[in-house]
Amino acid sequence: MLAERWGCSAESVRQLAREGAIRHFRVGKMYRFPKSAVEEFECQTSTSDASEAASASIGTTPKPENVSGISLRHAPERTRKPRQ
């Protein structure tokens with residue numbers, strides 16, 4: 001949901017989390033982002049000169065009104081079909 005909101009890939013959001021650019025926590029393989037952390041990050045990127053180029057690459061979209069938290073899940077692993 002967060003990648004869609006920012007107009008970037010899910011991997012870009014995970015990279016920001018790994019770099020410590022946005023507060024998050026993990027539940028299993030899922031990355032969870034508190035609403036307050038998302039708002040803080042969006043405010044930092046919209047007012048900082050240094051992050052202007054970065055925010056251009058991730059884009060901006062209007063904030064949904066009723067979002068209390070945003071989660072990001074890994075795609076399920078594929079199972080290979082046996083060769084015949």
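The first residue of the sequence shown is numbered 1, and numbering continues consecutively from there.
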### Message
Ser36 vs Arg23, test: side chain to side chain donor-acceptor pair (under 3.5 Å). Steps then yes/no.
### Response
CA-CA 9 Å; Ser36 60; Arg23 281 188 300 115; 3.0 Å; yes
### Task
Under the side-chain hydrogen bond (donor to acceptor under 3.5 Å, both in side chains) rule, collect the residues that match up with Gln15, sequence neighbours excluded.
Arg18, Glu19
### Task
Report the residues that fulfil side-chain contact (heavy atoms from CB on, under 4.5 Å) with Ala17, sequence neighbours left out, ordered by chain and then residue number.
Ile22, His24, Tyr31, Phe33
